[in-house]
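The block underneath contains the structure these notes are about, expressed in structure tokens.
Below, all heavy atoms of this structure are taken into account, side chains as well, without hydrogens, waters or symmetry copies. Residue numbering restarts at 1 for every chain, and letters A, B, ... go by the order of the sequence lines. Predicted model only: the values in this text are computed from it and were never measured.
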Number of protein chains: 2
Amino acid sequence: MTDPAKPDPLSKRRLKSWIRLLGVTRAAENHLREFLRVNHDTTLPRFDVMAALWRRRDGVTMSELSRMLLVSNGNATAVVDRLEKDGLAKRTQSATDRRTVYVALTEEGLRQFEQLATDHEGEVNKLFASLTEDDLDALTEILKRAGQRGETA
Amino acid sequence: MTDPAKPDPLSKRRLKSWIRLLGVTRAAENHLREFLRVNHDTTLPRFDVMAALWRRRDGVTMSELSRMLLVSNGNATAVVDRLEKDGLAKRTQSATDRRTVYVALTEEGLRQFEQLATDHEGEVNKLFASLTEDDLDALTEILKRAGQRGETA
DNA sequence: CGCCGTTATTTCAAGCTTGAAATTTCTGAC
DNA sequence: GTCAGAAATTTCAAGCTTGAAATAACGGCG
């Protein structure tokens, strides 16, 4: 435990860095949202879910999905509902545990995501074009450290 | 313009860094949301709006507010509506331009935010306790560069 | 003055998100 | 085997968020 009577001199700077981090992230998200809407008529949450389903093509449970995306169970349910209604994702009951459900992209979902992903990567690349290889190294290092303890309470 | 035929070798790494950035930000937001809910019975968007109103105590228009927070006008209207209903914020019509509205914290809003802010800063400080002064310098530098061009389309 | 394009805000529908409660199923202790 | 507790998912209400359309007011140009 740190001494509560001794205020951390870095506290204000950490706050400022956090605000800046939030600003950059929000700006990038807004840009990507607009990009997905205009060029692919889809949304960020749908893209995120599809990306997770793509990464785990062999099947994911709803719980794993929400853990991967850091969103609530109810949220995952809602987005998957909409994807399923549009024929892009499909639920399958587990054979061994009747509580769990596996979600996966359909053929069409797969096809659509693969087109999306390339464009999305290109846009991210443009967005962060000003970051050099050294920047990326340093950023990764710092973010790894930042994410280590604290958030994952 | 970069040659579209020559794929950027850093593209994949930028994407990975972006995903990590998003992960750290989301985790921190989730943690702070929980913190505000449990300890202060409020939400992140309300806190963000109150913080903006605090920073600009002399008055902000709705447009400035949404620009500061990087959210839509409709969003700002909705959150301010709720704060106003709870007596924490107040709208005032401009005397010179009947279209514009100034928003400000009420006495109670001010008081409440000042209590919130200290705790919030402490929590952020804990959350990013693993970042040293050098880390903060480097991070700020990189984020400044990243935010420079691209997002602010 | 009167019109036109712009600006500030609100309204609205649809989708997103949370957190808590409800439902169903599983598991382990007995 | 039974039952209490844990786990996976869904449901639901309330709040958040967007983007587009509506409303109202400004400002300049003729």
Side-chain angles (χ1 to χ4, degrees), chain A residues 25-27 29-50 52 59-86 88-103, chain B residues 22 25-27 29-39 41-50 52 59-86 88-103:
Chain A
T25 304
R26 280 230 234 280
E29 275 189 304
N30 285 346
H31 182 98
L32 290 173
R33 173 182 298 115
E34 164 92 358
F35 173 78
L36 287 176
R37 182 174 59 81
V38 169
N39 296 291
H40 294 282
D41 191 33
T42 190
T43 67
L44 226 29
R46 290 169 76 103
F47 179 83
D48 285 349
V49 167
M50 291 180 82
V60 215
T61 68
M62 292 301 292
S63 301
E64 287 175 315
L65 186 58
S66 54
R67 247 175 281 130
M68 286 171 80
L69 301 177
L70 301 178
V71 300
S72 68
N73 281 357
N75 185 1
T77 294
V79 178
V80 168
D81 279 352
R82 282 184 287 268
L83 286 177
E84 195 166 28
K85 187 151 56 71
D86 293 347
L88 300 173
K90 200 160 82 67
R91 282 177 168 93
T92 319
Q93 280 238 341
S94 161
T96 60
D97 185 338
R98 270 183 299 179
R99 290 171 303 176
T100 86
V101 175
Y102 291 103
V103 204
Chain B
L22 202 50
T25 304
R26 280 230 235 281
E29 277 189 302
N30 286 346
H31 181 98
L32 291 172
R33 173 183 299 116
E34 165 92 358
F35 173 79
L36 288 176
R37 180 174 61 80
V38 170
N39 296 290
D41 192 33
T42 189
T43 66
L44 224 31
R46 288 169 77 103
F47 179 83
D48 285 349
V49 167
M50 291 180 82
V60 215
T61 68
M62 293 300 291
S63 301
E64 286 175 314
L65 185 59
S66 54
R67 248 175 279 130
M68 287 171 80
L69 301 176
L70 299 179
V71 301
S72 68
N73 281 358
N75 185 1
T77 295
V79 179
V80 168
D81 279 352
R82 281 184 288 266
L83 287 177
E84 196 166 28
K85 184 152 56 74
D86 294 346
L88 300 173
K90 202 161 81 64
R91 283 178 168 93
T92 319
Q93 279 239 341
S94 161
T96 59
D97 185 337
R98 271 183 297 180
R99 290 170 305 176
T100 86
V101 175
Y102 290 102
V103 203

Between [atom2] on [N] and [atom1] on [X], what's the gap in Å once rounded to a whole number?
{"X": "Arg33(B)", "N": "dT17(C)", "atom1": "CZ", "atom2": "C1'", "result": "8 Å"}
{"X": "Gln93(B)", "N": "dC26(D)", "atom1": "CD", "atom2": "C1'", "result": "13 Å"}
{"X": "Leu70(A)", "N": "dG19(C)", "atom1": "CG", "atom2": "P", "result": "13 Å"}
{"X": "Asp81(B)", "N": "dC12(C)", "atom1": "CG", "atom2": "C1'", "result": "13 Å"}
{"X": "Leu32(B)", "N": "dT18(C)", "atom1": "CG", "atom2": "C1'", "result": "16 Å"}

Just the atom pairs and distances: protein N or O near nucleotides 13-15 of chain D's N or O, under 3.5 Å.
none

Legend entry - Donor-acceptor contact present, side-chain Asp97(B) to main-chain Arg99(B), <3.5 Å: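 Side chain of Asp97(B) to backbone of Arg99(B): a pair is present.
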Inset, instruction - Could you tell me whether the side chain of Asp48(A) and the main chain of Leu69(A) form a donor-acceptor pair under 3.5 Å? - result: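 Absent.
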Answer yes when [X] and [Y] have at least one side-chain N-carboxylate O distance shorter than 4.0 Å, and no when they do not.
{"X": "Asp41(B)", "Y": "Arg46(B)", "answer": "no"}
{"X": "Arg26(B)", "Y": "Glu29(B)", "answer": "no"}
{"X": "Arg37(A)", "Y": "Glu34(A)", "answer": "yes"}

Inset, instruction - Inspect the surroundings of CZ in Phe47(A) and state if more than 12 heavy atoms from other residues, nucleotides or ligands are less than 6.0 Å away. - result: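 Atom CZ in Phe47(A) is packed in, count exceeds 12.
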Inset, instruction - Step by step, work out the side chain to side chain contact (heavy atoms under 4.5 Å, CB included) result for Thr61(A) and Tyr102(A). - result: CA-CA 5 Å; Thr61(A) 68; Tyr102(A) 291 103; 3.7 Å; yes
Inset, instruction - Between Asn30(A) and Arg98(B), just flag the one whose closest nucleotide in DNA chain D comes earlier from the 5' side. - result: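 Whichever sits nearer the 5' end wins; that is Asn30(A).
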Legend entry - Arg98(A): salt bridge (charged side-chain N to carboxylate O under 4.0 Å, His left out) partners, not counting sequence neighbours: none
Inset, instruction - Between protein and nucleotides 3-9 of chain C, map the contacts as a letter string: B base, S sugar-phosphate only, - none, heavy atoms under 4.0 Å, written 5' to 3'. - result: ----BSB
Legend entry - Below 4.0 Å: OP1/OP2 of dG19(C) and any side-chain N or O of Arg37(B): yes
Inset, instruction - Ignoring the backbone of Asn75(A), work out which of dT17(D), dT18(C), dT18(D) is nearest its side chain. - result: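 Selected nucleotide (nearest to the side chain): dT18(C).
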Legend entry - First of Val71(A) and Ala76(B) reached from the 5' end of DNA chain C, by closest nucleotide: Ala76(B)
Inset, instruction - Supply the atom-to-atom distance Thr77(B) OG1 to Leu65(B) CG, rounded to the nearest 0.5 angstrom. - result: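 With rounding to 0.5 Å, OG1 (Thr77(B)) is 9.0 Å from CG (Leu65(B)).
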